[in-house]
There are 2 protein chains.
Amino acid sequence: MTKKKNNYHHGELRAQLLEAVRYLIEEKGPDGFSVAEACRMAGVSTAAPYKHFKDREEILHAVILEAMHRMGAAMQAAADAYPAGDPERIVALGRAYIDFAKSEPGVFAVMFGSGNNHAEIPALAEEGQAKFAIVVKVVAEHMNRCMEDDEVTARAYALWCAVHGHCFLVLDGKADKTKINITEDAYLRLVGSSYLPPK
Amino acid sequence: MTKKKNNYHHGELRAQLLEAVRYLIEEKGPDGFSVAEACRMAGVSTAAPYKHFKDREEILHAVILEAMHRMGAAMQAAADAYPAGDPERIVALGRAYIDFAKSEPGVFAVMFGSGNNHAEIPALAEEGQAKFAIVVKVVAEHMNRCMEDDEVTARAYALWCAVHGHCFLVLDGKADKTKINITEDAYLRLVGSSYLPPK
DNA sequence: TAACATATGTTAGCGATGTTAACTTAGGCA
DNA sequence: TGCCTAAGTTAACATCGCTAACATATGTTA
């Protein structure tokens with residue numbers, strides 16, 4: 001992991017710093033990471049990162065962006081595992097989201113936690129919208145309506161809220177991990193089944 | 001605000017520190033607060049807080065605990081504004097939660113954000129459970145079942161997830177504040193109407 | 001009232017952190 | 001070959017959290 005060439009020039013410092021930061025975030029919690037420690041892990045002086053990143057913040061953003069990619073891919077794959085229109089797609093989407101949060105709780109917290117206003121960072125905003133679009137699409141199929149339908153976005157958003165809220169409540173110990181869970185029924189109830197008369 | 005007696009002994013440092021911290025959290029974001037700055041605001045040396053709190057963390061916990069009380073009271077009041085069984089109670093509960101988050105976004109983020117595992121701090125865990133109990137009770141009334149019913153807690157939890165998720169997504173700019181919102185229909189759909197055959 | 005114990009301040013200082021400035025080295029290109 | 005630039009280094013600064021040692025009010029008790 002801490003592969004170290006003897007060269008003065010490290011060669012892949014940027015990538016290794018990101019890896020170190022991701023590791024530290026998982027290990028010591030979202031706030032427990034320091035640039036200095038990441039430097040030590042990469043075997044480099046504490047000033048080195050500033051050749052690659054402007055800020056501590058910019059390092060975090062890079063970590064987040066990469067994680068957003070992975071998460072989006074996981075969600076897409078989960079949905080694609082079922083045929084279009086299958087209600088199971090919705091459940092799979094939620095499961096993928098939650099699985100990601102559970103497998104990388106620290107990174108998840110950094111991604112969606114406070115202090116990184118996605119709206120102010122174009123790359124993050126874009127990536128976030130792309131992920132939401134996946135949800136909207138699946139919901140639209142399920143409801144048999146088009147993606148632009150207001151009711152579709154509203155329900156997709158409600159679904160996202162529920163899943164997202166669950167992740168945060170569990171990860172931070174606000175809800176008892178073992179006893180409580182969001183049921184998959186809830187997703188479907190939220191989205192509303194197209195089988196029921198749509199009012 | 002920065003009332004300053006000439007006395008050597010400040011007299012109400014503890015309270016003023018908490019107030020300063022709350023102010024700083026709102027002003028500079030959840031992570032942007034430093035004990036040192038709060039000290040400056042209270043007109044006191046940077047070592048003074050440690051006569052009242054063990055840690056920076058303990059200061060935060062005090063802020064959180066106080067905020068939890070206020071939030072719980074607001075929720076209770078909101079529900080009580082409607083007669084038992086009125087579906088509007090559920091909506092009011094959600095609205096109170098969201099209103100709190102909007103009025104004190106920084107504090108809200110600290111309360112529920114990562115890094116404070118409520119499960120590990122008895123006082124916080126207790127306060128959190130009390131708030132959840134309010135939701136469960138209202139949902140139970142609405143469904144015409146008892147609070148211990150698993151289905152009741154499951155639906156109450158799903159409701160909490162949705163509202164909580166919405167707050168986080170909006171506050172941190174993950175969702176477009178102006179365009180998107182969770183509809184109040186969604187709450188009711190989530191909880192499930194007791195008017196429908198309960199399966 | 002005098003003496004003391006305690007609570008609550010202060011100053012000084014440590015080690016860690018984020019960041020910058022000035023210097024050094026290696027690698028690629030004219 | 002010689003030089004430009006990218007990517008490291010060391011040294012230094014301000015800030016921060018926190019501790020230790022000291023100082024001063026306050027209230028209790030003789």
Side-chain angles (χ1 to χ4, degrees), chain A residues 1-64 106 110 113-116 121, chain B residues 2-25 27-64 106 110 113-116 121:
Chain A
M1 177 185 297
T2 46
K3 150 181 148 187
K4 218 170 148 185
K5 302 181 181 183
N6 287 342
N7 308 358
Y8 185 94
H9 283 86
H10 185 289
E12 39 184 22
L13 180 56
R14 193 192 144 96
Q16 271 193 35
L17 275 179
L18 292 182
E19 188 185 328
V21 167
R22 225 180 330 162
Y23 172 82
L24 287 172
I25 286 174
E26 290 305 336
E27 206 66 13
K28 313 207 162 189
D31 298 334
F33 108 89
S34 75
V35 176
E37 198 159 1
C39 288
R40 262 171 256 134
M41 286 185 64
V44 108
S45 79
T46 66
Y50 298 93
K51 299 293 171 177
H52 297 269
F53 304 95
K54 173 177 154 264
D55 258 339
R56 183 193 133 105
E57 209 185 356
E58 201 172 283
I59 302 180
L60 263 185
H61 287 165
V63 170
I64 292 173
V110 172
S114 310
N116 324 287
I121 298 124
Chain B
T2 47
K3 150 181 147 186
K4 217 170 150 186
K5 301 182 181 181
N6 287 342
N7 308 357
Y8 185 93
H9 283 84
H10 186 290
E12 38 184 23
L13 181 56
R14 194 193 142 97
Q16 271 194 34
L17 275 178
L18 292 182
E19 188 186 328
V21 167
R22 226 180 330 160
Y23 172 83
L24 287 172
I25 287 173
E27 204 67 12
K28 313 205 162 190
D31 298 334
F33 109 90
S34 74
V35 175
E37 199 160 0
C39 289
R40 263 170 255 135
M41 285 185 64
V44 107
S45 79
T46 65
Y50 299 94
K51 298 293 171 175
H52 297 269
F53 304 94
K54 176 178 152 263
D55 256 340
R56 182 193 134 105
E57 209 184 356
E58 201 172 281
I59 301 180
L60 262 184
H61 286 164
V63 170
I64 292 173
V110 172
S114 311
N116 325 288
I121 298 125

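Letters go in sequence order (proteins before strands), and every chain restarts at 1. Please read these numbers as outputs of a predicted model, since none were measured by experiment.
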inquiry  = Closest-nucleotide mapping onto DNA chain C: is E37(A) or A48(B) further toward the 5' terminus? I mean the 5' end.
reply    =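 Looking at DNA chain C, the more 5' nearest nucleotide goes with A48(B).
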side-chain hydrogen bond (donor to acceptor under 3.5 Å, both in side chains) partners of E26(A), counting only residues at least two apart =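 Once residues adjacent in sequence are excluded, E26(A) has no partner under the side-chain hydrogen bond (donor to acceptor under 3.5 Å, both in side chains) criterion.
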request  = Among dG9(C), dT17(C), dG8(D), find the nucleotide with the atom closest to the side chain of V44(B).
outcome  = dG9(C)
message = Using OP1 and OP2 only, check whether a side-chain N or O of H52(A) sits under 4.0 Å from dA6(D).
response =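 It does not, given that no N or O in the side chain of H52(A) lies less than 4.0 Å from OP1 or OP2 of dA6(D).
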ask   = Do the side-chain N or O atoms of R40(A) get closer than 4.0 angstrom to the phosphate oxygens (OP1, OP2) of dT17(C)?
value =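 For R40(A), the contact criterion (side-chain N or O under 4.0 Å from OP1 or OP2 of dT17(C)) is met.
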In whole angstrom, what separates [X]'s [atom1] from [N]'s [atom2]?
X: K28(B); N: dT15(D); atom1: NZ; atom2: C1'; value: 12 Å
X: F33(A); N: dT17(C); atom1: CZ; atom2: C1'; value: 11 Å
X: L24(B); N: dC16(D); atom1: CG; atom2: P; value: 11 Å
X: L17(A); N: dG18(C); atom1: CG; atom2: C1'; value: 14 Å
X: L13(B); N: dG9(C); atom1: CG; atom2: P; value: 5 Å
X: L60(A); N: dT17(C); atom1: CG; atom2: P; value: 15 Å
X: K51(A); N: dT25(C); atom1: NZ; atom2: P; value: 15 Å

Heavy-atom pair of closest approach, residues Y23(B) and M41(B) = CD2-CE, 3.6 Å
inquiry  = Quick check on the helix from dT1(C)-dA30(D) to dA30(C)-dT1(D): what's the angle between its two end axes, five base pairs per end, to the nearest 10°?
reply    = 10°
Between [atom1] of [X] and [atom2] of [Y], what distance do you get to the nearest 0.5 Å?
X: I59(A); Y: R22(A); atom1: CD1; atom2: CZ; value: 13.5 Å
X: I121(A); Y: E57(A); atom1: CD1; atom2: CD; value: 6.5 Å
X: E19(A); Y: R14(A); atom1: CD; atom2: CZ; value: 14.0 Å

S34(A): partners by side chain to side chain contact (heavy atoms under 4.5 Å, CB included), with sequence neighbours left out = A36(A), E37(A)
message = Please enumerate all residues that pass side chain to side chain contact (heavy atoms under 4.5 Å, CB included) together with A38(A), with sequence neighbours excluded.
response =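 By the side chain to side chain contact (heavy atoms under 4.5 Å, CB included) rule, A38(A) matches L17(A), A20(A), V21(A), L24(A).
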message = L60(B) and side chain to side chain contact (heavy atoms under 4.5 Å, CB included): which single residue from I25(B), D55(B), L18(B) fits?
response =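 Answer to the side chain to side chain contact (heavy atoms under 4.5 Å, CB included) test with L60(B) among I25(B), D55(B), L18(B): I25(B).
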ask   = For S45(B), which contact category applies under a 4.0 Å heavy-atom criterion: base, sugar-phosphate, or nothing?
value = base
Where do N or O atoms of nucleotides 19-21 of chain C meet protein N or O atoms at under 3.5 Å, pair by pair?
unit_1	atom_1	unit_2	atom_2	d
dT19(C)	OP1	D55(A)	OD1	3.1
dT19(C)	OP2	Y50(A)	OH	3.0
dT19(C)	OP2	R56(A)	N	2.8

Side-chain donor-acceptor pairs under 3.5 Å in residues 43-53 of chain B, sequence neighbours left out?
unit_1	atom_1	unit_2	atom_2	d
S45(B)	OG	A47(B)	N	3.4

